[in-house]
Structure formats: structure tokens, C-alpha cells
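Data block below; observations after.
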Amino acid sequence: MSRPESAAAAAAPAEIKGIPYDHYCLLHSTAHVMAAAVRRLWPDVKLTVGPPIARPFRGFYYDMDLAHRIGPEDLPRLEKEMEKIVKENVPFVRKVLSKQEAIELFRQAGQVYKLDLIEAKAGGSVEAAAEGVEGDAVTIYQSGDFIDLCKGPHVDSTGRCRHFKLLNVSGSYLWGDSRNQQIQRLYGIAWPTKEELKRDLARHESAVERDHRKIGRDLKLFQHHPESPGTIFWLPKGTMIYNLLSEKMRRLLLSNGYVEVRTPLLYNKSLWVTSGHWEKFRDKLFTFGEEDDQVAGLKPMNCPAHMLIYRSERRSYRELPLRLHDQGVLHRKEDRGAIEGIRRSFQFCQDDAHIFVRPDQVEEEITSLIGLVRRVYGAFGIEFRCVLSVSDWTNHPERWLGTREMWEKAESALARALERNRLEHKIDPNEAAFYGPKIDFITPNIFGEFEHQCATIQLDFNLPERFNLIYVDSDNTEKRPIVVHRAIYGSFERFIASIIEHTAGKFPMWLAPVQVKVLTISAISVPYGREVYRKLAAAGIRAEFDDRDDKISFKIRNASIEKVPYILVVGAKEAEKGSVNVRCREAQDKQEEMAADAFIKKAVEEAKMEF
RNA sequence: GCUGCUGUGGCUCAGUCGGUAGAGCACUUCCUUGGUAAGGAAGAGGUCAUGGGUUCAAUUCCCAUCAGCAGCUCCA
């Protein structure tokens, strides 16, 4: 390896940005190869940054500005050019220049964005140090005639970058800042061996099949219509899932000290002014009415309504924690490009609750919440990672309500709770809600990378202040409660999207919209089949009866595509014995004949809810 | 919202180098009564997203709008 920075190299970390070290080097190097190939085809290209990424899939991209619009049809050509560079097998050579030398080098090459990086003018989300600029020292890597500003590390030579694939092209903002111009971004993947590349490509293909939008359409769970863009029409089977989750959560919470409320959708502007939504969340509010004093808005959150309920009585310290659960319908006017199937829509519904606590109750409450999250996600086998989102008062004081002191208190309380529950977590500055810091629980995306925010626990010292909430303490003095905003599923819509993608539509027995499908062999067996179907229904099993005039193999194929957990085949043989022939989704090659009543008993047992 | 791409029967997709369209699945009817992932036949179904423009003629070319997709930005 021609990496002269021996000290640094010796202490190579196990992984960088969640990617194993060696793979990181390969991805980064392949990004250079891609950029070099782009420059050969379109010499006017001006490069910005091209890092390895862990999300939405493990790969790399390179952001670049060039006159030619790169389309999908250009990718094969570009890949050919990359293959040539790989064949040339030139080493990646690291050099350290002074700032002045580097500026001279990139100025001559016409790489203006690299100059911005060196001179720290990039701004946005880009950090110069990550690109190889540290003090007066500027690190560059050269491979053949291609030189790039880069901190490294890299593989030893372009010959290592043989197994790659370019995936797509899209737009991105210069320096990741939406106020800047749009440039082009090329995505790719790379692996050390052909087999690994093949496996990853297969994963990308199967991801399309797991996509909740496709499964939602195929299994008739939900649909969308242009007449109400960005919203969801829940079909009977999707509604079944929705209601089961809703009911299950309701029971879980009611047995954990919550009470449930129902609150209006529409409120006067004055409420939103009081809550701070008018100031900090205005662009997401759907509003009605022209004259200022008559303006009303659809709620984007339930919290202000719950503040009103809390404030409606004089509260004692003995009542706390007061936990108000609300499955109210929320509306948020999202950016059009942000809506995605049911995962993000204009209208949704959280398994929301606001918990009013005394300061001495915060940590315990959060601990028990973490327990509930673990219980629910464990039941589905969905993994999560935690992120502590905090405020950034230094750079964006305008984004937060209240005072810095309040925020620091809230943030350290959350950090302590995470510590106490031994939850590993990342800290994300500048990502807090406008009223308080939060712990988000992130679940895997379709590639298995942690991406989707579902459960959330948010601490709020601001709304109690704004709504002037008080309780009477044991010493008969008035005190201010703290509010915990929390959701376990997050939203039903988003959680269902995750379940669909996690299970690929093979819902667990208790959640499957159709649990059992009874198929008749021929017309003779219809009366017996109907009898079995009725018994199932009477036992509370969600069953369907397929007595159509079709061959059994055809009906089995259909039921299999619908991913029904149990298929019961009934013919003359079964009718005679009072049995059913059971075909299980999880072991389709093994069919088992058993007494109809025995199967019903087993199905009822398995259909019991799991948390 | 921004950049790029897409929009043909319910679904998946052909096609028309400008002369108003086709398949498979699904649907209806008939034949078939068949034992573990597609039996056969016939039929019905589309003003080719919408609105303009160019043209003798537009589903096809151009523009706009709407909707969707890949990202960016943002979030439950």
C-alpha cells in the first residue's frame, strides 16, 4: 500500500461513518474512478464532493456540475470508461500540499468548487476537514492524470475497483444547501468481489419487490387518487391492519396508566399563536379563512389541544403523571416532493400522547417509555437505533422556542435517561423539534440501513410555559409541569409502511387481514368448504372462501400471492373425515391434514396478539 | 419547493419515424369438476393524464398544468 501516513494508517478505525474501513476505502476510490471517467467524457465537469454513504444504501455518490445532462442512457458509456481506468491500474498516491500550492493546482485545473472547499467558502453541510483541508495542509490524491482534493483513505490502486455498478443520476443542491443551485449527483455501488456485487444488486432488485407502495397496491391495502394528492385511501384489508394496530396500542396504553381523549381537527389561529406553531410551523399548516381574526388551521399536532385540557382544571401534584393518549387526525402541508406512499403524507395519525410530569418524574417516565418501545418493536422483530436530537443555539437561535437554559436542562435530562437505559445513541445537533429536544428511534429502510424515524420521545419545557400550565405541589405552591410528547409507532401510516417492508407483506398471524383461506377442490366439496369457513368465522378467524370454478392449483397460486398465512384445501376426502388439508405460508412444501376443529383451535391460539 | 425522468384499458407493459391503438393478468359468460403456484374458449373494457400550440392531420412534435418516480431539502 502506498499510504505514507503510517501513523494514521496504523491506527485505522474499524469503520468510518458506519461503513467497514476496507469497504469505505473501496467506495471512496471507486467514486474517484467515476469522477475521472466523467471528466474524460465531459472535460468541462466541475467536481464538488463524492463521499461513500451508508444510506439509503451502502455505496457512493459524486456531486458535480456540468453542462451535459447525464441521463440513465449515459451510464453504460460511463461504466465502460471506468473499466478502462480500472484496467490502467494506476496507484492512488497521497500528497500533502500547502494551501497556496493546492489553490494554484486546482485553479489551473479549473476546479472552482475545490477552491471553495480549500478556502472554506463552501458552507452548507460540507466540512472542509473531511475533504482533506486542515490548517495550512491540504491533502490530495492522484490516480494517473486525475487529481482530487481528498482526505482519503483509498485503496492502493484503481485496479481494485473492478466490481462496481452505477445506479442512478439525480439532482442535488450545491453543498447540500437548498438555497444553492442544483447540480447533478451520480450514485454507484462497489464491492471487493464479483459475488458480493452480484448479491448487492440482487438486494437492490428485491428492494423493489418489498416496497410498501407496490405491496400496498398488490395486496389491496391502500391507494391514492389525484383528487386528493398526498393522502391515503385505506382499502378494507389495509383498514383491518390499521384498526388492529390502533386497538392494540390503545389497550397497551390504557393498561399503562394512560387515558384516551378525542380532540377537534380545526382550531382558531389564536391557539397556534399561543403554541408557537404560527411562528415556527406556519409553512406546514393548512389554514382556512381570509380575514385575520377568522383564520383557522387544521392541527398538525395534538399537543395544543391537550394543553387546553390540562389547563381546564386545577391540577394537583398527586395527579401527575397525567398521560393523555390521542389518535387524532393530523395534517401537515409537506413539500410535494417529500410525500412517499404512506410513509409520508399530508394527513396521518399518530399513536400520540402527552404526559404531564413533575420534574422529579421525568427520568422514570422516559425509562418506562423506552421499555414500551422495546416491547412493541421487539414483538415485530424490528430493530432500531437511537438518535438524540438537540438544538443548535450558536448557529440557529431563531429555530427554538424558549431559553437556552431551558433547553440545556431538557437535553441533559434526555441524555441521562439514555445513559441510564444503556441505549447507544448518536447526537444530532440542530434536529430538535422547535419546542424541545427529542430521542428518535430509527428503523431500517428497504436495504436494511437505519433510516426511518418512527418512535419518538420529546421533552418540552416550552408549551407548559406558553399555556401557563401549573400544578399545586405538596407544599401548596404552584409549580410548572413538564410535558413529554411521545409516540411509539410514530404514525400508524409510517409504521405500517415499515411493517410491510420488514415482512414483505407476510404479516404475522394476528395482523394478517386474511388469516385463513378455504379452497374447494371441486363443486362437490363446496358445501363442506362453506361449513369450515363458517366455523372459522364464528371462531373469530378472518377467513375467506374460494369456491370458484377453478383448478385447485390456480386457487393455491392466488392465495399464495396474497400471502395468506394458512391455506385450507378441502375436497371429498376431507369432507368425509371432517378434516382440512393445511398449507402453511412458512412451509409450503409440507401439507398437513388435521381435524377441522383442531386447526381452528390452533389458529385461534396463533391469532392472539403478541404484545 | 428544487433538478431530472415518467404518464397508453383496474394492474404490468408493447406500439405509432404524425394518418385516433395492442398483449398478458384481472373482469363477464360458456365449456371443464379438476388434489397443492396459472385448464380452454368467447366477450367486454381505452376521446393514449389534462389544457393549449404547430400541422391538412397529434396519442405521437412543442409549451403549460396535474399526478407519479429517483434524489435533494425537510420530517411522524
If you measure from the C1' atom in B:rG19 to the same atom in B:rU59, how many Å do you get, rounded? 12 Å
Should A:Phe348 be counted as stacked on B:rA76, where stacking needs a ring-centre gap under 5.5 Å and an angle between planes under 30 degrees? yes
Among B:rC72, B:rU36, B:rA76, the one nearest any side-chain atom of A:Arg583 is B:rU36
Separation of A:Glu431 CD from A:Lys426 NZ (nearest 0.5 Å): 9.0 Å
Counting side-chain heavy atoms from C-beta on, which of B:rG39, B:rU36, B:rG68 comes nearest to A:Val569? B:rU36
NZ or CZ of A:Lys280 within 45° of A:Phe434 ring axis and under 6.0 Å: no
Quick one: which of B:rG34, B:rA37, B:rC74 gets closest to the side chain of A:Lys551? B:rG34
Taking the side chain as every heavy atom from C-beta outward, state whether A:Phe348 and A:Arg332 have any atom pair closer than 4.5 Å. yes
Using the closest heavy atom to pick a nucleotide of RNA chain B for each, name whichever of A:Ile556 or A:Asp440 lands nearer the 5' end. A:Ile556
NA contact type, A:Ser345, heavy-atom cut-off 4.0 Å: base, sugar-phosphate, or nothing? base
Work out how far the C1' atom of B:rC62 is from that of B:rG18, and round it to whole angstrom. 13 Å
Comparing A:Ile183 with A:Pro226, nearest RNA chain B nucleotide closer to 5' gives the residue A:Ile183
